[in-house]
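A quick note: this is a predicted structure, and the numbers were derived from the prediction, not measured.
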Amino acid sequence: MFRPCIDLHEGKVKQIVGGTLGDTGLRTNFVSEKPAAWFAELYRRDQLAGGHVIMLGAGNETAARAALAAYPNGLQIGGGVNPQNARDWLDAGASHVIVTSWVFREGRVDWARLEELVKIIGKNRLVLDLSCRQRDGNYFVVTDRWQKFTELVVNEETLKRFSGYCAEFLVHAVDVEGLCRGIDRELVKKLGQWSPIPTTYAGGANSISDLAAVTQLGGGKVDLTIGSALDIFGGSGVAYEACVKFNRTNSLPER
């Protein structure tokens, strides 16, 4: 199924090439003239649930709060989430909070931090972002705007263990994110085989056929977010209305 997104950078809705999200050499595919709330209202109108708002760096809170207010309980929020602000984001209208960097310290999982967050909001309101990059034949989780490799490998053991702490996974294939050159089919297939809970994949989608491919390769357990290729984000590969139609004409399998 298709899940929508709103990526925020410096308060604006943008589509960014994932691997360039450091302080220098940033590559941007699209900058919208429309505010984040416009996209949230669109998703609400079309009854697209489970989308995510990602705050890429500072200066995005106002836009994020406006989006959540426009679609209460319809969007997840990520970017700088921690135990001090997680409850506030839920109160602002987020259905879930998405966490990645805060759960890691010096490249390793900090289980105490994760358990603290679960105690505050409960696992059913938490999504773990396990966005990853390939190295030496494995997929390693990356943090800090996707620039820093951790020691955590995305595999069946990892996903099973983490599933006890969250409701869903969000996985960006950072190496292909924003390039519109096609999905990482190997990663999608593995996520479908390994993950015991709902998982959203993002990265590289460039056609409506990628949506069907993710549904098939993921065994109906993996959803797809489409960014730069989508016409509402300035792309030419995928019509937003085609994604809405796909969701309406394809029943969601039991999970």
Side-chain angles (χ1 to χ4, degrees), residues 1-44 46 48 50-64 66-68 70-71 74-80 98 100 127 129 131-133 142 144-147 170-184 187-188 200-211 213-214 223-244 246-247:
M1 305 293 281
F2 168 71
R3 293 215 199 186
C5 67
I6 301 173
D7 291 345
L8 295 171
H9 183 257
E10 297 177 339
K12 295 183 178 295
V13 177
K14 298 183 182 181
Q15 285 295 312
I16 290 170
V17 178
T20 71
L21 199 54
D23 295 326
T24 60
L26 180 71
R27 289 170 55 196
T28 302
N29 287 334
F30 172 77
V31 181
S32 178
E33 296 179 357
K34 296 181 174 66
W38 182 90
F39 291 92
E41 289 165 1
L42 180 67
Y43 304 154
R44 182 179 184 179
D46 293 323
L48 296 175
H52 54 266
V53 180
I54 302 295
M55 298 179 289
L56 301 170
N60 296 303
E61 285 202 9
T62 299
L68 297 179
Y71 191 2
L75 294 165
Q76 304 168 357
I77 184 78
I98 305 169
T100 178
V127 175
D129 183 341
S131 295
C132 55
R133 306 182 80 165
V142 288
D144 300 317
R145 291 183 288 177
W146 300 334
Q147 298 303 300
L170 172 62
V171 181
H172 289 81
V174 177
D175 291 323
V176 298
E177 173 73 17
L179 297 179
C180 298
R181 295 175 183 169
I183 59 173
D184 185 331
L187 178 58
V188 171
T200 298
Y201 165 90
N206 62 5
S207 68
I208 194 67
S209 62
D210 278 336
L211 185 50
V214 168
D223 294 332
L224 175 66
T225 289
I226 304 173
S228 295
L230 209 58
D231 57 359
I232 60 172
F233 296 133
S236 58
V238 187
Y240 169 77
E241 291 300 331
C243 296
V244 174
F246 183 94
N247 279 20

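When atom types are taken as modelled, the side chain of Tyr43 and the backbone of Cys5 share a donor-acceptor pair closer than 3.5 angstrom. At least one donor-acceptor pair under 3.5 Å links the side chain of Asp231 to the backbone N or O of Tyr240. A distance-only check finds a donor-acceptor pair linking the side chain of Tyr201 to the backbone of Asp184 [under 3.5 Å].
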Go through it in stages, so that I can follow the logic: the residues are Ile54 and Leu170, the test is side-chain contact (heavy atoms from CB on, under 4.5 Å), and I'd like the CA-CA distance, side-chain angles, deciding distance and then a yes or no.
CA-CA 11 Å; Ile54 302 295; Leu170 172 62; 4.3 Å; yes

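Contact annotation: the side chain of Asp46 never approaches that of Pro4 to less than 4.5 Å [non-hydrogen atoms, C-beta and beyond]. Contact annotation: the side chain of Val176 never approaches that of Ile183 to less than 4.5 Å [non-hydrogen atoms, C-beta and beyond]. Between Val13 and Trp38 there is no side-chain heavy-atom pair separated by less than 4.5 Å. The side-chain heavy atoms of Ile226 and Cys243, taken from C-beta on, include a pair separated by under 4.5 Å. Looking at Val127 and Thr200, their side chains never come closer than 4.5 Å, going by heavy atoms from C-beta outward.
Once rounded to the nearest 0.5 Å, the distance linking OH of Tyr71 with CZ of Arg44 reads 8.0 Å. Atoms CD and CD1, from Gln15 and Ile6 in turn, are 11.0 Å apart once rounded to the nearest 0.5 Å. Here the CG-NZ distance, from Asn60 to Lys12, works out to 11.0 Å after rounding to the nearest 0.5 Å. Once rounded to the nearest 0.5 Å, the distance linking CG of Leu224 with CE of Met1 reads 11.5 Å. The CG atom of Leu8 sits 7.0 Å away from the CD1 atom of Ile77 when rounded to the nearest 0.5 Å. If you take CG on Asn206 and CG on Leu230, they are separated by 12.0 Å, rounding to the nearest 0.5 Å.
When all heavy atoms of Ala36 and Ala63 are compared, the closest pair comes out as CB-O, 3.7 Å. For the residue pair Ile208 and Val238, the shortest heavy atom distance occurs at N-CG2, 4.0 Å. In this structure, Val53 and Ala64 approach most closely via the heavy-atom pair CG1-CB, 4.3 Å. Across all non-hydrogen atoms, the minimal contact from Ala66 to Ala37 is O-CB, 3.8 Å. Scanning all heavy atoms of the two residues, the minimum distance from Phe2 to Leu48 falls at CE2-CD1, 3.8 Å.
Under the ring pair (Phe, Tyr, Trp, His ring centres under 6.0 Å) criterion, His172 pairs with His52, Trp146, sequence neighbours left out. For Phe39, the ring pair (Phe, Tyr, Trp, His ring centres under 6.0 Å) partners are Phe233, not counting sequence neighbours. Annotation: side-chain contact (heavy atoms from CB on, under 4.5 Å) contacts of Ser207 (sequence neighbours excluded): Ser209, Asp210.
Look at Lys14 and Asp7 and you find no salt bridge, because none of the NZ, NE, NH1 or NH2 atoms lies under 4.0 Å from a carboxylate O.
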